[in-house]
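The sequence lines fix the lettering, A, B, ..., with proteins before strands; numbering per chain opens at 1.
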Number of protein chains: 2
Amino acid sequence: MATADPARPGFALPLLLLAGFRTLIDDLHTELAREGHPELRPLHGFVLQAVGADGTTATELGQRLGISKQAAGKTVDRLVAVGYLERVDDPSDARRRLIRVTPRGADGLRRSAEIFDRLRAQWADTLGPERVTALEDDLRAMASANWFRLDVPGWFGG
Amino acid sequence: MATADPARPGFALPLLLLAGFRTLIDDLHTELAREGHPELRPLHGFVLQAVGADGTTATELGQRLGISKQAAGKTVDRLVAVGYLERVDDPSDARRRLIRVTPRGADGLRRSAEIFDRLRAQWADTLGPERVTALEDDLRAMASANWFRLDVPGWFGG
DNA sequence: TAAGATAGTCAACGTGGTTGACGAAATAGT
DNA sequence: ACTATTTCGTCAACCACGTTGACTATCTTA
């Protein structure tokens with residue numbers, strides 16, 4: 001195991017952030033699979049979240065996620081294929097195809113949120129609530145506004 | 001921009017960890033490109049690090065990175081093509097092809113470490129050194145031993 | 001009404017993964 | 001010493017997720 005060189009302290013920080021993220025995401029999907037959503041991949045929760053309760057279009061989804069409309073369309077294809085999203089024609093504009101979260105998609109989203117809440121509670125049990133809050137505050141202060149930018153192949157993979 | 005629902009506090013944590021990681025990695029590669037390494041992709045630094053000063057083989061590299069030997073071999077191909085790694089025959093075992101970091105690879109690795117150190121120093125300037133240390137300690141306590149496991153398509157993409 | 005902008009899709013491609021199959025070379029067992 | 005097994009590297013096919021460019025159909029605007 002190639003650990004970070006202690007003489008180069010900077011290396012640990014990105015690795016720890018990645019490891020923390022991965023731990024959370026891995027735990028989420030282990031639990032999600034157990035709760036009946038084994039097809040949901042790490043990316044999908046973010047996409048469902050970005051589609052939102054009101055639905056959206058492929059172009060707008062791409063903008064929200066910071067990816068091309070083509071990439072957004074392909075991801076929607078996959079989520080439609082597994083039943084988490086649906087496409088419906090927009091009666092007011094024949095070019096547009098509205099993307100909507102299905103009941104199954106909403107169930108996955110709700111469970112994801114609940115599981116994340118439980119995982120955060122676990123962190124609070126181990127570290128203490130104030131340290132989890134401090135961690136979030138510090139990251140909020142340092143992390144740029146990359147929140148929902150997924151313009152990178154496979155950030156969430158699995 | 002779809003921000004996390006405040007009623008679901010758990011959602012913010014993974015997003016913040018990802019955003020923090022991405023910020024660091026993006027800053028690293030912006031600076032690396034400026035210093036003469038525009039071909040270095042996010043994944044590559046981790047791979048160079050995993051190859052190490054003594055060199056390794058594709059199979060062992062795959063084990064270190066938690067990916068298949070085939071995937072490791074393909075990544076090595078790319079790094080060989082851009083001059084960061086080289087392959088040499090192992091005189092003691094004709095099946096093996098030793099993978100070694102080239103001088104250019106070593107330069108990239110050294111610069112990455114320096115840049116990460118500077119970025120960590122920036123975090124310390126903003127948050128205070130003790131909060132950066134606390135953040136690392138907390139993450140060390142929570143993150144499982146996923147350190148160098150990259151068994152996910154494109155975690156570092158770009 | 002003609003011209004331009006916008007929505008969605010198709011195709012080709014790049015990167016980073018996977019599994020299965022295979023030949024060549026090393027090692028172990030008798 | 002010879003056979004059987006394991007190991008190393010590679011090839012091929014495939015998948016997930018991204019890109020750009022080109023194109024049609026439709027809506028909007030001048």
### Query
Under 3.5 Å, is there a donor-acceptor pair between the side chain of B/T56 and the main chain of B/G52?
no
### Query
Rounding to a whole Å, what distance do you find between B/K69:NZ and C/dG17:C1'?
16 Å
### Task
Ignoring backbone atoms, test whether A/R87 places a side-chain nitrogen or oxygen under 4.0 Å from the OP1 or OP2 oxygen of C/dT9.
yes
### Query
Using a cut-off of less than 4.0 Å, is there contact between a side-chain N or O of B/R41 and OP1 or OP2 of C/dG16?
yes
### Message
A quick test of your reading: do over 12 heavy atoms of other residues, nucleotides or ligands sit less than 6.0 Å from CG of B/D125?
### Response
yes
### Query
Separation of A/D77 atom CG from D/dA16 atom P, in whole Å?
12 Å
### Message
With hydrogens left out and only the distance checked, is there a donor-acceptor pair under 3.5 Å joining B/K74's side chain and the base of C/dT18?
### Response
yes
### Query
Nearest of D/dG9, D/dG18, C/dT6 to any side-chain atom of A/R95?
C/dT6
### Task
Return the 5'-most residue of the pair A/D93, B/A58 with respect to DNA chain D, ranking by each residue's nearest nucleotide.
B/A58
### Message
Strictly distance-based, threshold 3.5 Å: is any side-chain N or O of B/H44 a donor or acceptor partner for the main-chain N or O of B/R41?
### Response
yes
### Query
Counting any heavy atom closer than 4.0 Å, what does A/S68 reach on the DNA or RNA strands: base, sugar-phosphate only, or nothing?
base
#### Entry: For atom CG of B/D89 and atom P of C/dA25, their distance in whole Å
11 Å
### Query
Whole Å only: how far is the CG atom of A/D90 from the P atom of D/dT28?
10 Å
### Query
Is there a side-chain polar atom (N or O) of B/T59 under 4.0 Å from OP1 or OP2 of D/dG9?
yes
### Query
Salt bridge between A/E114 and A/R111, side-chain N to carboxylate O under 4.0 Å?
no
### Query
Taking NE2 from B/H44 and C1' from C/dG14, how many angstroms apart are they, rounded to a whole number?
12 Å
#### Entry: Distance in angstrom units between B/R97 CZ and C/dA24 C1', rounded
14 Å
#### Entry: Between D/dG9 (C1') and B/Q70 (CD): distance, integer Å
9 Å
### Task
Report yes if a side-chain nitrogen or oxygen of A/T75 is closer than 4.0 Å to either non-bridging phosphate oxygen (OP1 or OP2) of D/dA16; otherwise report no.
no
## Note on the structure
Rounded to whole Å, the CD-C1' distance (A/Q63 to C/dA7) equals 11 Å
### Message
So B/A94, base contact, sugar-phosphate only, or nothing? Heavy-atom distance under 4.0 Å.
### Response
sugar-phosphate
### Message
When you measure from the side-chain N and O atoms of B/R78 to the phosphate of C/dG16, is any distance below 4.0 Å, counting only OP1 and OP2?
### Response
yes
### Query
So, A/R64 side chain and A/V51 main chain: donor-acceptor pair closer than 3.5 Å or not?
yes
